[in-house]
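To start, the structure itself, in structure tokens.
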Amino acid sequence: MRKTIIAGNWKMFTDVDEALRLVSDLKAAYKNKNKIEVVVCPPFTNLESVYNKIKDTDILLGAQNMYFEEKGAFTGEISPSMLKSVGCKFVIIGHSERREYFKESNELLNNKIKTALKYNITPIYCVGEKLEEREAGKAFKVIEAQIKEGLVGFTAQELKEIVIAYEPVWAIGTGKTASPAQAQEVHAYIRGLLATLSDKKTAEEITIQYGGSVKPDNVTELMSQPDIDGALVGGASLKADSFLAIINY
Ligand code: 13P
């Protein structure tokens, strides 16, 4: 059985006080009726303080990015062992905002995933097409390249340690969600691609999250799709009540 994982990506929001308030509200009302894995991904500067609040709960910590080198003269970058040392179990890799604004390539992301696995940090590898790519009928081609190039060179066992997040760029922060059927179609396609990189049984065990305007009122229908195994939540993870409503879909 593959795991269901819902993660909150706080992006570049929350200073330390705001992060502590958010995580305290989350903790105070925390319920996890579906017994899923719940992850919060605050900015780097909040990781340690958030970890200190959640370490006695089953809420897990993730980072939003990481460099692929283990140490060295890479000013401004953060290494996997640094993330481990503040309690991170997950790291988001290749979010569309990193691909777009920081020009991160599939090849670079492949290296980041490799390093994350080496340090036993679960990478949440993001893929997804832009609006113009969907409208030009290229969505599947783009996703195929992101999956095949980003995940090249991993064994079946390693692939099982990776979480995929399908985030159509046109649905991020726009209030426009992919319909459950649209998302399911892409998730099934991604699972098929994962089978070509390994085998069908392995692909069946890989968690594929959906992300893009997930809210309390659309999460249930999305989660009822056979190949949607969780969510990567942006805006709605910045309020404890909406994030809790999502995890208790
Ligand atoms: P929104 O939920 O705000 O659309 O953001 C999705 C996202 O980018 C999560 O990584």
Side-chain angles (χ1 to χ4, degrees), residues 4-14 18-19 22 26 36-44 46-47 50 59-66 83 88-104 109 112-113 116 121-131 133-134 139 142-143 146-147 150 162-180 182-183 186-187 190 207-223 225 228-249:
T4 300
I5 305 172
I6 295 187
N9 174 8
W10 296 4
K11 305 196 179 185
M12 200 176 74
F13 295 101
T14 68
E18 290 164 335
L22 174 53
L26 206 54
I36 58 170
E37 285 196 7
V38 176
V39 185
V40 290
C41 304
F44 289 132
N46 306 163
L47 286 171
V50 168
I59 305 172
L60 299 167
L61 189 69
Q64 299 173 19
N65 182 30
M66 184 198 83
L83 295 185
C88 286
K89 294 268 188 295
F90 288 81
V91 61
I92 299 171
I93 299 285
H95 190 279
S96 62
E97 289 145 17
R98 304 246 18 122
R99 293 179 183 268
E100 174 79 6
Y101 305 129
F102 303 97
K103 306 293 169 224
E104 296 196 356
L109 301 172
K112 291 190 178 195
I113 295 170
I121 303 173
T122 302
I124 299 177
Y125 177 52
C126 301
V127 299
E129 80 286 2
K130 297 181 196 166
L131 183 61
E133 291 164 340
R134 176 160 279 260
V142 169
I143 291 163
Q146 291 170 334
I147 292 284
I162 298 169
V163 172
I164 310 289
Y166 169 56
E167 298 206 309
V169 180
W170 47 273
I172 295 179
T174 58
K176 239 192 249 174
T177 332
S179 70
Q182 260 174 338
V186 178
H187 280 234
I190 291 171
T207 297
I208 308 177
Q209 299 175 314
Y210 170 79
S213 297
V214 175
K215 303 277 183 276
D217 62 2
N218 60 24
V219 64
T220 312
E221 217 187 335
L222 287 161
M223 292 298 292
Q225 301 299 310
I228 298 184
D229 315 312
L232 186 53
V233 185
S237 71
L238 290 169
K239 292 236 158 58
D241 55 353
S242 53
F243 190 56
L244 288 167
I246 289 171
I247 65 176
N248 290 303
Y249 62 91

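Order of appearance sets the numbers: ligands from 1, and atoms from 1 within every ligand. Note that the coordinates shown come from a computational prediction; the quantities given were computed from them, not determined experimentally.
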Checklist entry - Which ligand 1 atoms, with their elements, are less than 4.0 angstrom from a heavy-atom of N9? => result 9 (C), 10 (O)
Next on the checklist: Tell me whether K215 has any N or O atom under 3.5 angstrom from an N or O of ligand 1.
Outcome noted: no
Checklist entry - With atoms numbered from 1 as shown, which atoms in ligand 1 lie under 4.0 angstrom from a non-hydrogen atom of S213? => result 1 (P), 2 (O), 4 (O)
Checklist outcome for this item: atom 7 (C) of ligand 1 has as its nearest protein heavy atom E167 OE2, 3.2 Å
Next on the checklist: Students often mix this up, so state it plainly: with edges at 30° and 60°, are the rings of H187 and Y166 parallel, tilted or perpendicular?
Outcome noted: perpendicular
Next on the checklist: I need the contact type for A171 against ligand 1. Using non-hydrogen atoms and a strict under-4.0 Å cut-off, is it side chain, backbone, both or neither?
Outcome noted: backbone
Next on the checklist: Please tell me whether E167 and H95 have a donor and an acceptor in their side chains that are separated by less than 3.5 angstrom.
Outcome noted: yes
Item to check | Per-atom contacts of ligand 1 with G173, taking only distances under 4.0 Å to non-hydrogen atoms | outcome: 1 (P), 3 (O), 4 (O)
Checklist entry - Which atoms of ligand 1 have any heavy atom of G212 under 4.0 Å away? => result 4 (O), 6 (C)
Checklist entry - Tell me: protein heavy atom nearest atom 2 (O) of ligand 1, and distance? => result G234 N, 2.9 Å
Item to check | Donor-acceptor side-chain pairing of T14 and N46 below 3.5 angstrom | outcome: yes
Item to check | Atoms in ligand 1 with a heavy atom of G235 nearer than 4.0 Å | outcome: 1 (P), 2 (O), 3 (O)
Checklist entry - Do R134 and E129 sit within salt-bridge range, that is, some charged N less than 4.0 Å from a carboxylate O? => result yes
Checklist entry - Heavy atoms, side chains only, cut-off 4.5 Å: are I124 and I93 in contact? => result no
